[in-house]
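To keep things clear, I will list the structure first and then write my remarks on it.
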Amino acid sequence: MSTSVAARAFLRPAALSFTAGLLMGAVYWALDITSPAPPLIGLTGLAGIVLGERAATAVRNRLTRRPAAPPPAAEGGRPRVS
């Protein structure tokens with residue numbers, strides 16, 4: 001994956017998330033209510049969610065990983081391409 005493709009893959013959801021946050025901020029302002037959590041506490045909670053998801057995925061992958069089949073023997077130690 002090239003850098004520009006990876007950047008686009010990240011920027012689109014990030015922009016949508018930021019836009020949703022702006023919209024919710026405007027709704028909170030219009031209803032004259034404060035956000036449910038202070039910003040630092042909210043960001044810390046989100047970081048915990050992301051790290052927990054990554055850790056659980058890593059543990060699941062490690063527990064279910066099966067040994068890969070060895071590569072086929074080829075002449076000269078290089079894999080053959082058919």
Side-chain angles (χ1 to χ4, degrees):
M1 186 182 298
S2 72
T3 305
S4 63
V5 173
R8 283 192 200 123
F10 169 76
L11 288 177
R12 184 179 198 126
L16 288 173
S17 179
F18 185 73
T19 303
L22 286 176
L23 180 63
M24 287 310 301
V27 169
Y28 285 165
W29 174 81
L31 296 175
D32 198 25
I33 58 175
T34 59
S35 65
L40 186 57
I41 302 272
L43 290 175
T44 305
L46 286 174
I49 290 169
V50 170
L51 292 175
E53 179 185 9
R54 298 240 174 151
T57 300
V59 168
R60 182 184 64 208
N61 288 343
R62 186 164 292 252
L63 291 175
T64 61
R65 182 180 302 163
R66 296 188 179 119
E75 299 169 12
R78 295 183 188 167
R80 272 189 291 186
V81 179
S82 312

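Nothing fancy with the numbering, it's 1 onward along the sequence.
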So CG of Leu46 and CD1 of Ile41: to nearest 0.5 Å the spacing works out to 12.0 Å
If hydrophobic residues (ILVMFWY) are linked whenever their side-chain heavy atoms come closer than 4.5 Å, directly or via other members, who joins Val59 in its cluster?
Leu63
Are the side chains of Thr57 and Arg60 in touch, meaning some heavy atoms are under 4.5 Å apart?
yes
Quick one: hydrophobic cluster around Phe10, which other residues, with the 4.5 Å side-chain cut-off, linked directly or via members?
Leu11
Check whether Ser17 reaches the backbone of Pro13 with its side chain - one donor and one acceptor, N or O, closer than 3.5 Å.
no
What pairs with Leu31 under side chain to side chain contact (heavy atoms under 4.5 Å, CB included), at least two apart in sequence or on another chain?
Val27, Ile33
